[in-house]
Amino acid sequence: MKVSLEERYDPQKVEVTWQKYWSERNLYKTELNTSLKKFYCLEMFPYPSGEIHMGHVRNYAIGDVIARYKRMRGYNVLHPMGWDAFGLPAENAAIKHGVHPSEWTHKNIDKMKRQINRMGFSYDWEREVTTCRPEYYKWNQWFFLKMLQKGLAYRKDSYVNWCPSCGTVLANEQVIDEKCWRCESNVVQRELEQWFLKITHYAEDLLQACDEMKGWPEKVVTMQRNWIGKSTGVEVDFRIEGTEEKMRIFTTRQDTLFGATFVCIAPMHPLADRLVSDKEGLGKVRARYGRMDEKYGLFTGFYAINPMNNEKIPVYVANFVLMEYGTGAIMSVPAHDQRDFEFAQKYDIPVRVVIVPENRTQNTEHRAQETTPPPPLLQGEGIVSYAPSPSNSNPPTPPLSKGGWGGFVIGGEGGITEAYEDEGILVNSGQFSGLRSDIARQEIAAFIEGNGLGKSVVNYKLRDWGISRQRYWGTPIPVVYCDQCGIVPVPEKDLPVILPEDVRFTGKGGSPLLESEKFLYTVCPTCGGKARRETDTMDTFVDSSWYFVRYCFKKGEIALDSELRTSNSELKYWMPVDQYIGGVEHAVLHLLYSRFFTRVLRDLGLINFSEPFTNLLTQGMVIKDGAKMSKSKGNVVDPNYLLQKYGADTARLFSLFAAPPERDLDWSDKGVEGAYRFLNRLWGIVYKNREALSVKGKEKKESMYRLTSYALRLYRKSHQTIKKVTTDIEREFHFNTAIAVLMELVNEITSFEPQSDEDRAVFRFAIETVLLLLSPFSPHIAEELWEAIGNKPGIFEQKWPEWDDEAAKEEEIELVIQVNGKLRSKLMIPLGLSDDGIKERALEEQRIKEIIGGKTIKKVIVVKGKLVNIVTGY
RNA sequence: GCGAGAGUGGCGGAACUGGCAGACGCGCUGGACUUAGGAUCCAGUGGGUAACUCCGUAGGGGUUCAACUCCCCUCUCUCGCACCA
């Protein structure tokens, strides 16, 4: 018995003591040990803003429970932490307060590290990663050079998303609702030459592997699929009458080709300048590019020839056609595309129906409501007769010819009020009429290819990743520009290209690197002549795309490339990450980039897997007063305050108890009090019973039969608790219910007063069980009390307790008796009773007899161990 | 608009393959101890009713001996994508 156990629970004292003890003994240090099963548990590393917030606390508490639990289950656990240390806030601080980004960042890291350690998380700091250090970003540069060699990095002049506030470009993924993901300023388009990584090379691979990502939330996988955005269709060439020009359009609905009544090109399409003489008009379309509120276009004065039917149809420039998707040109089928329909209505362009719903003739309900009999599907070749709305009292507008370029069409205002975009049967489509649209898509695609009119293609929404940032605090892109040799990569042996520290931050003009002559001017590695360094730095998402790889090795300077080539490298032991935990906001940013980088490593022959994260848990947000915590809303809870008032164990316990990890957590100050009370109560029980708890052993299975039923109940409850806590953790980390059953056990312990030595043994067993099961959640108090009842320190080095099904089994169960599905009575019955026995006992029950009275019993259903339902007649 | 998820007491949330709705915690009510309690402990707590009992898982229908759970329709909320041809 430890004499020093105090009467009052003082979390500050307990926690600091044990944190010191653990860190002095370096207990979280991880080493490769191939005889043990490994478990790589990773939480998304933070940006070192200087303060941890409740989101971090929750994220890392979840990870720490998993890490500690897996350790107790005998796994060799890698649980590292680091710093996503490059980024704009550091640079803004430099401009505003004159402190160097490096100094600012390192101070923040020190501060946050203290806070994180005060939470008692079990990190192996010997693998700490800090991305702004040359020994780390050197390998960003190495990755870049490898990609350059493989043609996966290239330089391109293009329109880019420009954030005027951050003064830099953004990748597509980093633009949210046309605003910057970080500062929420409106993003504008600007033409700029910059470096791209060819993530599109892996579009198909990334997409197909989505089907295998069983350990990821379906939601995230779906978001990735949608982001990659695969669509299959055809590209078709349309001649432009009276010119040598032709335009190539992309469509996924080649089954509607016969319904095209015009074609459109994007305002930035090269043809626009050549075809349109009204430059002012063209300017107006361009000004409305990307605006959702109106369809706006301009007739070019030219006509294109539909190669399927040789029809002559007008060519428009339209603001809703995107240059960056497909070919930047489309065919427009107003009858079957809502956007085209709206455009056609506005510019009075004819509409031609070429698909009718398949079930139209069979839909009797539909027909019954119609005042006029449904028109036949086809009235001879090419005649349209489709009334879209069953309640439409107007007969279908008769076919009429408009504009003089042949074919039967309906006026825009006529029969239909919206486009019919679903599948159906083709009409007015020449030799393809009568086919189902899905079949027609295949046949028309084949026809187009066979006749040299175009080709089948696959399109992706995914764009290449623009990584150039016109900012200082990031990884320098390792290339130089030589007057003689052009773009020259910095040789690997010269890496890292160090980010110079002696630069000035004015906040005006471009990157400070442009003014750093020492950095800027260099010699060409190829010809030795004068050369200028690239001044753009890399997007910080590059840093986080492979940091999980770096954790596999000790911190500091290493030769990553040769480490990776070593056949028995630590990487091969630890990777992939078994459990990754973080916010869902990175569903398509960081997580997609990381999958991309892992594939690059694979194709460099350095690893033999494709997916970095086997299991992903996206934790919900921390909410207070119905909104996400934010400074502007004034609803933030400061973790430091919690630490001071309640301690880490309480803060952790409540974050895990209030909701399952994947759901949003509603913060409640009162709820925190509840968690604190629980720990106090546990402390109080151990303190009060410090004498009785000195009785050790004897809680063996054989002795169980000598227990009084009083003690047996607690013994049984202990085993049930082990079982429930274990299965709840295993079943998608439902810590909230695990903690709830721990509370139940503590409630039972509270009302237990040991009388005999056997009682005391059971009592001790129950307490030890609580402490072991609680230790991943609230490790300090568990450790303190563990030692206080006479054990050696190191509770998380103990084995996770195992339950005994025999001991957990109830002797009696409460049988629920229903009559016609309604609860009428309850009865205690012995466990092993047969179905017939149960039936008999239920029917003997006095209350049941009364209810049944003279009614006939039609059926009796017995659910083993649960209930009896007696079904009666009337 | 499309896609995903969710709607359960006063609140956060339980209920594993259909089988006692509301575990656990908060709050509330009453009591004990106390100079005092916003400390602690004990008891109670979905709603209606004096009671038998009845009504209750967003709303409406259905399947079933039995539905929070399965099926159909409607509504609401959250998140993601959003002129992607």
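In what follows, chains carry the letters A, B, and so on, assigned in the order in which the sequence lines appear, proteins first and then strands, with residues in each chain numbered from 1. Hydrogens, waters and symmetry mates are skipped; everything else that's a heavy atom, side chains included, is used.
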Could you list, one pair per line, each protein nitrogen or oxygen that sits under 3.5 Å from a nitrogen or oxygen of nucleotides 76-81 of chain B, together with the distance?
from, atom 1, to, atom 2, distance (Å)
B:C79, O2', A:Lys219, NZ, 3.4

Between the protein and nucleotides 66-71 of chain B, are there any N/O to N/O pairs under 3.5 Å, and if so, what are the atom names and distances?
none

Inset, instruction - Under the side chain to side chain donor-acceptor pair (under 3.5 Å) rule, what do A:Ser231 and A:Tyr325 come out as? Steps first, then yes or no, please. - result: CA-CA 11 Å; A:Ser231 54; A:Tyr325 184 76; 2.6 Å; yes

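For the pair A:Glu744 and A:Lys724, the salt-bridge criterion is not met [side-chain N within less than 4.0 Å of a carboxylate O]. Taking the charged nitrogens against the carboxylate oxygens, A:Arg225 and A:Glu218 do have a contact shorter than 4.0 Å, which makes a salt bridge.
When side chains are defined from C-beta on, A:Ile444 does not count as touching A:Val236, because their heavy atoms never get closer than 4.5 Å.
Looking at heavy-atom distances under 4.0 Å, A:Leu823 makes no contact with the nucleic acid at all. No engagement by A:Gly229 is indicated, since no non-hydrogen atom pair under 4.0 Å with the nucleic acid exists. Across all strands shown, A:Arg824 has heavy atoms under 4.0 Å from sugar-phosphate atoms exclusively, and none from any base. Among the atoms of the strands shown, none is found under 4.0 Å from any heavy atom of A:Arg288. Within the 4.0 angstrom heavy-atom criterion, base atoms lie near A:Val816. Note on A:Glu218: nothing from the nucleic acid sits closer than 4.0 angstrom, heavy atoms only. As judged by a 4.0 angstrom heavy-atom cut-off over every strand, A:Ser668 is placed among residues making no nucleic acid contact.
Annotation: the span from A:Met54 atom CE to A:Trp667 atom CH2 amounts to 3.5 Å, rounded to 0.5 Å. Of the inter-residue distances, the one linking A:Thr650 atom OG1 with A:Leu679 atom CG reads 4.5 Å to the nearest 0.5 angstrom. To the nearest 0.5 Å, the span separating CD1 on A:Ile349 from OG on A:Ser332 amounts to 7.5 Å.
Taking every side-chain heavy atom of A:Tyr325 into account, B:A85 is the closest of B:C24, B:A85, B:G13.
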Inset, instruction - For RNA chain B, just give me the dot-bracket, please: Watson-Crick or G-U, both distances below 3.5 Å, ( ) intra-strand, [ ] crossing earlier pairs, | paired with another strand, . unpaired. - result: (((((((..(((......[....)))((((((.......))))))((......))..(((((..]....))))))))))))....

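Taking atom C1' on both nucleotides, B:U74 is separated from B:G25 by 35 Å, rounded to a whole Å. Comparing the C1' positions of B:C81 and B:G47 gives a spacing of 43 Å, expressed to the nearest Å. Taking atom P on both B:A15 and B:A82, the two are 35 Å apart, rounded to the nearest angstrom. For the C1' atoms, the distance linking B:U53 with B:C41 amounts to 36 Å, nearest Å. Distance check on atom C1': B:U8 versus B:A23 gives 13 Å, rounded to whole Å. Taking atom C1' on both B:C68 and B:G56, the two are 12 Å apart, rounded to the nearest angstrom.
We find that CD1 of A:Ile861 is positioned 16 Å from C1' of B:C20, with the value rounded to whole Å. We find that CG of A:Asp669 is positioned 14 Å from C1' of B:G27, with the value rounded to whole Å. Rounded to whole Å, the distance from OH on A:Tyr316 to C1' on B:A85 is 18 Å. If you measure from atom CD1 of A:Ile739 to atom C1' of B:G12, you get 13 Å, rounded to the nearest angstrom.
Within residues 675-682 of chain A, the residues approached by RNA chain B to less than 4.0 Å at the level of any non-hydrogen atom are A:Arg677, A:Arg681, in residue-number order. Contacts between residues 740-750 of chain A and RNA chain B, defined by a heavy-atom separation below 4.0 Å, involve A:Ala740, A:Met743, A:Glu744, A:Asn747, listed by number.
Remark: A:Lys295 is not positioned above the aromatic ring of A:Phe343, lacking an NZ or CZ atom under 6.0 angstrom from the ring centre and at most 45 degrees off the axis. The cationic atom of A:Arg248 (NZ for Lys, CZ for Arg) does not lie both less than 6.0 Å from the six-membered ring centre of A:Phe250 and within 45° of the ring axis.
Between A:Ser231 and B:A85 there is a side-chain polar atom (N or O) within less than 4.0 angstrom of OP1 or OP2. Between A:Arg731 and B:A14, a side-chain N or O to OP1/OP2 separation shorter than 4.0 Å is absent.
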Validation: residues 655-664 of chain A side-chain donor-acceptor distances under 3.5 Å, sequence neighbours left out:
from, atom 1, to, atom 2, distance (Å)
A:Ser655, OG, A:Ala651, O, 2.5
A:Asp664, OD1, A:Met621, N, 2.8

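No hydrogens or angles were tested; on distance alone, nothing pairs the side chain of A:Lys859 with the base of B:C65 as donor and acceptor under 3.5 Å.
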